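Comments concern the structure below.
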Amino acid sequence: MTGTTDPADPAPTAERRRTARVRWAAGAAVALALLFAGAAAVAAARDDGSAPGAAGAPAPDSADARFARDMAVHHQQAVEMSFIVRDRTEDEDVRRLAYDIANTQANQRGMLLGWLDLWGLPKVAGGDQPPMAWMGGGEGDGGHEHGGHQPDRGSDGVLMAGMASRAELERLARLDGRQAEVFYLQLMTDHHKGGVAMAEACASRCAVPVEQRLARGMVEGQQSELGLMRDMLAERKARPRS
C-alpha cells in the first residue's frame, strides 16, 4: 500500500538511523572542538609571544615543532580508535570514555596544528626527521617500551611508540561487545603510555610556555585515564598487555 512502511525489517532500519545520528553528532562535536581549539591556540600563542616572526617562535626542527607534529599524528589515531569502539559496543562506560578521549584529543590536536600554522611551519615532518627522535636517548629511538605491546615502529603502519598497527585497527573493527571493549582498552592503554612519554619529553624540552603547559596537562589527564582503564579491564577479567 502506498505510504506504508515495509514491516519486514523495521528494527535494523531504526538501529541504522540511530547509529547515523550518533556518528553525525560525534563528528560534529569533534569538528567544533578542532575549530575552537585552533582559535584558542592562536590566542594563547600570541599571549606567549610565539607568533610568527616573534622572538619566541620556535625553529622548524625544534622540540616544540616536532612535538606538535608527532602528537597531532598520535592523537589522530586515538580519535579513530574511539570512534570505532563506539560502534562496536553498547556499554555506556566504554562509550563515554571513548567519547571523552576523542573529544579531548581532537581538541588538543587542533591546538597543535593551530600553533604550527601560527608559526608558519609545515605540519608534516620531512624524511630526515623520524618520529619521536627529538626526544633523544632511549625515548626517541628505543621508546617502544613506553608504548607497551606493539610491533616495531614502521611495521604495518606503526609510526610511534604506543600506536596500533593496521592489523590491530582492523581487528578492533571486527570485534563486538565485551571483546571489543577489552581490546580497545588494551590498545588505548598502550597508546596513552606512548603519549605520556612524548608529553613528558616536551614538558622538559619544549621552550614555548603554552605548549609546555599543554604537555603537562596531557601527562596528568592520560595518567588518570590509564588508572581508569586498568580498573575497567579488571572488571572485565582482563589486564593491560604490558
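Only a predicted model underlies this, so the values are computations on that prediction, with no experimental measurement involved.
The same ILVMFWY cluster, assembled from side-chain heavy atoms under 4.5 Å apart, contains both Leu233 and Val85. Put simply, Leu226 and Met232 are part of the same group of oily side chains (I, L, V, M, F, W, Y) that touch within less than 4.5 Å, one to the next. Cluster membership check: Met81 does not share its hydrophobic cluster with Met198, using side-chain heavy-atom separations under 4.5 Å among Ile, Leu, Val, Met, Phe, Trp and Tyr. No chain of hydrophobic side-chain contacts below 4.5 Å, direct or via other Ile, Leu, Val, Met, Phe, Trp or Tyr residues, connects Leu228 to Met218. Val158 and Leu187 fall into different hydrophobic clusters, where Ile, Leu, Val, Met, Phe, Trp and Tyr are joined by side-chain heavy atoms under 4.5 Å apart, directly or via other members.
Although no hydrogens or angles enter the test, the distance criterion places no donor-acceptor pair under 3.5 Å between the side chain of Lys123 and the main chain of Ala72. Although no hydrogens or angles enter the test, the distance criterion places no donor-acceptor pair under 3.5 Å between the side chain of Arg230 and the main chain of Pro240. Gln223 places no side-chain N or O within donor-acceptor distance of the main-chain N or O of Val196, the cut-off being under 3.5 Å. The backbone N or O of Pro122 sits less than 3.5 Å from a side-chain atom of Arg69, completing a donor-acceptor pair.
Residues passing the side-chain hydrogen bond (donor to acceptor under 3.5 Å, both in side chains) test with Arg239, sequence neighbours excluded: none. Partners of Asp176 under the salt bridge (Lys or Arg N to Asp or Glu O under 4.0 Å) rule, at least two apart in sequence or in another chain, are Arg88. Taking Asp93 as the reference, Arg96 meet the side-chain hydrogen bond (donor to acceptor under 3.5 Å, both in side chains) condition, with sequence neighbours excluded. With sequence neighbours excluded, no residue forms a side-chain contact (heavy atoms from CB on, under 4.5 Å) with Glu220. Scanning for ring pair (Phe, Tyr, Trp, His ring centres under 6.0 Å) contacts around His75 gives an empty result, with sequence neighbours left out. Annotation: side-chain hydrogen bond (donor to acceptor under 3.5 Å, both in side chains) contacts of Thr104 (sequence neighbours excluded): none. Residues passing the salt bridge (Lys or Arg N to Asp or Glu O under 4.0 Å) test with Arg178, sequence neighbours excluded: Glu181. Taking Glu225 as the reference, His192 meet the side-chain hydrogen bond (donor to acceptor under 3.5 Å, both in side chains) condition, with sequence neighbours excluded.
Considering CD of Gln105 and CD of Gln76, their distance stands at 10.0 Å, rounded to 0.5 Å. Annotation: the span from Leu121 atom CG to Leu113 atom CG amounts to 12.0 Å, rounded to 0.5 Å. From Tyr184, atom OH reaches atom CZ of Arg86 across 10.0 Å, with rounding to the nearest 0.5 Å. Once rounded to the nearest 0.5 Å, the distance linking CZ of Arg241 with OG1 of Thr189 reads 9.0 Å. The structure places CD1 of Ile101 at 5.0 Å from CE of Met229, a figure rounded to the nearest 0.5 Å.
Here disulfide bond (SG atoms under 2.5 Å apart) pairs that include residues 207-242, with residues two or more places apart or in two chains, number zero. For residues 75-114, the set of pairs meeting the disulfide bond (SG atoms under 2.5 Å apart) definition, not counting sequence neighbours, is empty. Note on residues 167-242: pairs passing disulfide bond (SG atoms under 2.5 Å apart), not counting sequence neighbours, are Cys202-Cys206. Residue pairs meeting the disulfide bond (SG atoms under 2.5 Å apart) criterion with at least one member in residues 74-128: none, sequence neighbours excluded.
Taking the side chain as every heavy atom from C-beta outward, Glu211 and Pro58 never approach each other to under 4.5 Å. No side-chain heavy atom of Gln77 sits less than 4.5 Å from a side-chain heavy atom of Leu159.
In this structure, Ala59 and Ala65 approach most closely via the heavy-atom pair O-CB, 3.5 Å. Residue Ile84 comes nearest to Ala173 through the heavy atom pair CG2-CA, 3.8 Å, listed as atom of the first residue, atom of the second, then distance. Between Met188 and Ser82, the closest heavy-atom pair is CE-OG, 3.7 Å.
Using a 3.5 Å distance cut-off with no hydrogens or angles, the side chains of Asp64 and Trp119 do not pair a donor with an acceptor.
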Report the C-alpha distance between Glu168 and Leu172 in whole Å, list the side-chain angles of each, state the deciding distance to 0.1 Å, and finish with yes or no for side-chain contact (heavy atoms from CB on, under 4.5 Å). CA-CA 6 Å; Glu168 287 171 329; Leu172 178 63; over 6 Å; no
Begin from the C-alpha positions of Val182 and Leu175 and carry the test side-chain contact (heavy atoms from CB on, under 4.5 Å) through to its verdict. CA-CA 10 Å; Val182 168; Leu175 297 175; over 6 Å; no
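Ring geometry for His74 versus His191: interplanar angle of 30 to 60°, hence tilted.
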